[in-house]
Amino acid sequence: MDITEVPVSQDNKGKKKKNKTPKKKRVSEEGNGAGGGVEKKEEKMEQSEQAAAAFPPTFSVSEIKNKQRRHLMFMKFKQEKRKQKMQLKKKKKKEREALGDKAPPKEVPKTIENQRVYDETTVNPEDEEVAFDEGTDEFSSYFNGLTNPKVLITTSDRPRGRTVRFCEQLATVIPNAHVYYRRGLALKRVVPQCIARNFTYVVVINEDRKVPNGLVLCHLPDGPTAHFKVSSVRLRKEMKRRGKEPTEHSPEVILNNFSTRLGHSIGRLFAALFPQDPQFVGRQVATFHNQRDFVFFRFHRYIFKNEKKVGIQELGPRFTLKLRSLQKGTFDSKFGEYEWVLKRHENDACRRKFQL
Amino acid sequence: MQHDDVIWDIIGNKQFCSYKVKTKSQNFCRNEYNITGLCNRSSCPLANSQYATIREEKGQCFLYMKVIERAAFPAKMWEKVKLSKNYEKALEQIDENLIYWPRFIRHKCKQRFTKITQYLIRMRKLVLKRQRKLVPLSRKVERREKRKEEKALIAAQLDNAIEKELLERLKQGTYGDIYNFPVHAFDRALEQQDEESEEEEEEEEEEEDDEDVGKTEFVAEDEVEESDLSDFEEMNKLRTSSDEEEQESSEEEEEEEEEEEMEVETKASRSKGKSPANGSAARKKRAYVEIEYEQETEPTPKSRATS
């Protein structure tokens with residue numbers, strides 16, 4: 001009689017209350033093997049714990065057809081696992097404390113940077129070949145202090161507000177930069193004019209749907225041309241807790257993580273945008289940080305509070321670049337010789353392999 | 001027999017014409033042979049047994065004529081005349097072919113021909129100008145890239161990296177005398193850093209030992225180089241002359257200096273960290289720390305193995 005009464009009352013409850021409480025009772029019934037008839041809610045917790053103890057059975061959670069019940073079982077399963085993990089951790093910690101100094105060293109967690117596939121083009125700092133190359137490549141005149149950078153910033157046709165403002169802000173960040181409107185000119189004709197006027201760099205910001213999304217960086221007297229994809233552009237007014245306008249002082253440059261040969265050339269490309277001697281008085285620093293093939297650009301003002309602490313305040317726009325192609329010579333998309341082109345399939349195959 | 005009025009009665013107003021496109025204000029005719037494109041009594045090619053149009057194929061304009069005598073032969077109904085590429089000559093040709101035809105058709109033909117030549121000219125001009133190439137974005141790829149970028153941003157820990165770099169540059173002395181932090185504090189700061197302390201003391205002792213051993217060859221270099229870390233100002237003078245933002249050039253110069261330094265103080269310091277990643281030349285005492293702090297030096301052991 002009890003057995004027959006139970007399902008009826010359970011069903012009624014299930015229909016009246018659409019929350020999980022009656023179903024938990026059902027679950028605990030399963031676990032207990034109908035150990036309780038109509039259970040009160042206070043007993044539910046104990047029941048569920050008992051159910052958890054009796055839980056690890058041979059059936060997998062996915063065999064339950066009822067979605068809500070399956071979900072419940074899965075949650076329980078997860079809780080179990082978590083508990084076990086915590087217990088394991090505690091045990092390990094105790095062991096470690098017990099051993100004291102003799103404890104084995106802590107395991108270093110695996111990160112993508114740790115697991116990165118070793119790239120054979122990684123530049124060894126003492127590599128003579130690289131040093132020689134750098135002494136004779138297109139940037140050598142800059143790095144030897146002969147030329148000063150002069151940058152021309154422009155956009156694609158008909159730029160919209162955001163892109164225009166981005167250009168203006170870039171021009172304040174890069175000293176000796178001039179913004180010109182494109183007005184439908186062909187880049188191939190712009191480039192010789194710029195060379196004639198002693199520009200060292202042409203920066204073209206491509207726009208799509210009112211938002212900048214591409215950047216072509218062309219080093220001028222027959223220098224390499226790099227094409228980047230631009231993402232996450234934050235203009236100055238969108239920055240939280242930002243400082244005042246950047247001043248006219250030349251900023252310092254920080255280049256992080258450009259380890260391969262390709263990364264090296266890109267790093268030099270960025271470095272040559274800024275004048276060789278930074279004015280430390282200005283206390284401004286532009287950072288190009290490469291992480292997993294994304295180059296993050298930030299512009300900060302720093303102040304040394306004491307010899308161990310420095311405070312930085314972000315001014316200036318921030319954006320992310322991803323290199324799409326590097327081409328020898330000035331801009332020529334059809335007949336230019338490409339040193340490197342982003343091929344998605346190369347990187348998709350191995351997630352631990354990066355180019356820069 | 002060809003009853004134009006009857007045909008127009010049927011398709012024009014009452015019943016269905018498959019070429020007719022109705023809009024709120026106007027009716028259009030989709031028939032290829034229609035001269036004006038509107039659905040009118042005088043423009044309908046089906047409801048007029050004597051009709052003419054201009055059509056263009058691959059940049060060439062043709063005059064098509066239909067007369068009632070050929071109404072029984074649908075395959076031969078339209079007579080096609082090739083018009084010359086010269087605008088005036090073509091107009092004369094139209095006039096000559098459509099002589100004695102109704103004024104309306106002649107006028108509309110010439111209008112259509114003018115329009116066609118104008119758009120052909122525009123097409124030819126556009127090809128010469130810069131053409132916008134539309135590159136399709138794959139949504140899946142874009143989404144994936146966005147996520148990767150977010151993860152990379154988190155992994156980058158930019159603020160920490162920048163601060164660390166700036167502090168290292170300060171310690172290196174790139175800033176010269178601008179910041180007047182007391183030198184003892186510097187020493188203390190150095191010693192307080194975790195694994196450096198013992199090594200530094202060891203190295204200092206070793207330095208003194210080396211000097212005691214008395215490599216007199218290097219005395220001259222001693223004037224140039226300082227063995228005492230505490231003597232910061234001289235170091236600064238040295239570094240400021242060579243250290244620039246562009247680490248490569250500075251590295252080349254500093255390589256020489258540091259080779260000298262290395263000869264003076266033997267052991268541990270290897271010139272590591274020449275990559276722009278580390279941002280500056282290797283510091284003598286801090287070689288070990290670099291391994292710890294900087295992720296990018298991890299490949300160097302492998303590179304040494306290969307080289």
Side-chain angles (χ1 to χ4, degrees), chain A residues 111-114 116 118-120 122-127 131 134-135 142-145 157 184 186 229 231-232 252-259 264 267-268 271-272 274-278 280-281 285 287 289-294 296 298 300 302 304 306-312 320 322 344, chain B residues 129-130 132 138 141 144-146 148-153 155-159 161-167 169-171 174-176 178-179 181-182 185-186 188-189 192 244-249 251-252 255 271-279 282 295-296 298-300 302-304 306-307:
Chain A
T111 62
I112 293 186
E113 282 78 23
N114 286 344
R116 176 175 173 173
Y118 172 63
D119 196 342
E120 64 261 3
T122 309
V123 172
N124 185 356
E126 298 149 15
D127 201 341
E134 290 172 0
Y142 168 73
F143 285 114
N144 293 336
D157 294 340
K229 175 172 90 146
S231 41
S232 337
E252 302 175 38
V253 176
I254 292 181
L255 299 164
N256 271 343
N257 267 342
F258 289 96
S259 54
H264 226 69
R268 283 161 70 79
F274 295 90
Q276 269 268 14
D277 5 307
F280 298 121
V281 183
V285 58
T287 312
H289 182 106
N290 170 40
Q291 189 81 12
R292 304 182 194 171
D293 282 353
F294 287 99
F296 298 103
R298 298 286 185 270
H300 292 277
Y302 64 88
F304 285 107
N306 54 36
E307 64 276 357
K308 272 206 285 179
K309 262 176 56 176
V310 58
I312 55 175
T320 327
K322 188 163 161 86
R344 192 166 52 85
Chain B
K129 269 194 177 181
R130 297 161 46 230
R132 193 164 278 232
S138 164
V141 172
R144 268 196 232 147
E145 293 264 306
K146 209 168 79 150
K148 281 193 193 157
E149 188 188 321
E150 287 167 9
K151 296 280 185 179
L153 182 64
Q157 294 177 344
L158 284 168
D159 291 341
I162 297 176
E163 286 172 9
K164 225 193 307 174
E165 178 65 32
L166 289 170
L167 282 172
R169 285 191 187 179
L170 178 68
K171 289 202 180 110
T174 26
Y175 301 125
I178 305 178
Y179 301 106
F181 295 128
F186 258 125
R188 236 184 290 130
Q192 275 168 14
E244 297 293 351
E245 289 322 294
E246 320 319 318
Q247 291 85 13
E248 284 76 12
S249 61
E251 282 161 13
E252 291 167 6
E255 262 182 5
S271 58
K272 276 196 200 172
K274 288 305 165 89
S275 58
N278 287 337
Q295 303 153 342
E296 54 274 17
E298 283 180 13
T300 49
K302 294 179 195 167
S303 66
R304 253 184 260 128
T306 54
S307 64

Task: Atom pair NZ/NZ of Lys308(A) and Lys171(B) - distance to nearest 0.5 Å - done: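 Those atoms lie 8.0 Å apart.
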Task: Distance (rounded to the nearest 0.5 Å) between Lys164(B) NZ and Ile254(A) CD1 - done: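 Result: 11.5 Å between the selected atoms.
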Open item on the list: Suppose we screen for side-chain contact (heavy atoms from CB on, under 4.5 Å). Which residues come up paired with Leu158(B), at least two apart in sequence or across chains?
Closed with: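 Listed in chain order: His289(A), Phe296(A), Arg298(A), Leu153(B), Ala156(B).
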- [ ] With a 4.5 angstrom heavy-atom cut-off, could you sort out which part of Lys151(B) is near chain A: side chain, backbone, both or neither?
- [x]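 Both backbone and side chain of Lys151(B) come within 4.5 Å of chain A.
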Task: Per-residue contact mode, Lys146(B) against chain A (heavy atom under 4.5 angstrom) - done: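 Neither part.
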- [ ] Go through the steps to decide whether Ile312(A) and Leu166(B) satisfy the test side chain to side chain contact (heavy atoms under 4.5 Å, CB included), and finish with yes or no.
- [x] CA-CA 10 Å; Ile312(A) 55 175; Leu166(B) 289 170; 3.9 Å; yes
Open item on the list: Can you tell whether the side chains of Arg169(B) and Glu252(A) come within less than 4.0 Å, N to carboxylate O?
Closed with: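 Answer for the salt bridge query: yes.
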TODO: Pick one of side chain, backbone, both or neither for Asp157(A), based on which atoms fall under 4.5 Å of a heavy atom in chain B.
DONE: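 Interface part for Asp157(A): both.
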- [ ] List the atom of Ser231(A), the atom of Glu149(B), and the distance in Å for their closest heavy-atom pair.
- [x]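 Minimum heavy-atom separation between Ser231(A) and Glu149(B): OG-OE1, 2.9 Å.
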TODO: Identify the two heavy atoms, one from Glu113(A) and one from Ala155(B), that lie closest to each other, and give their separation to 0.1 Å.
DONE: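 Closest approach of Glu113(A) to Ala155(B): OE2-CB, 4.0 Å.
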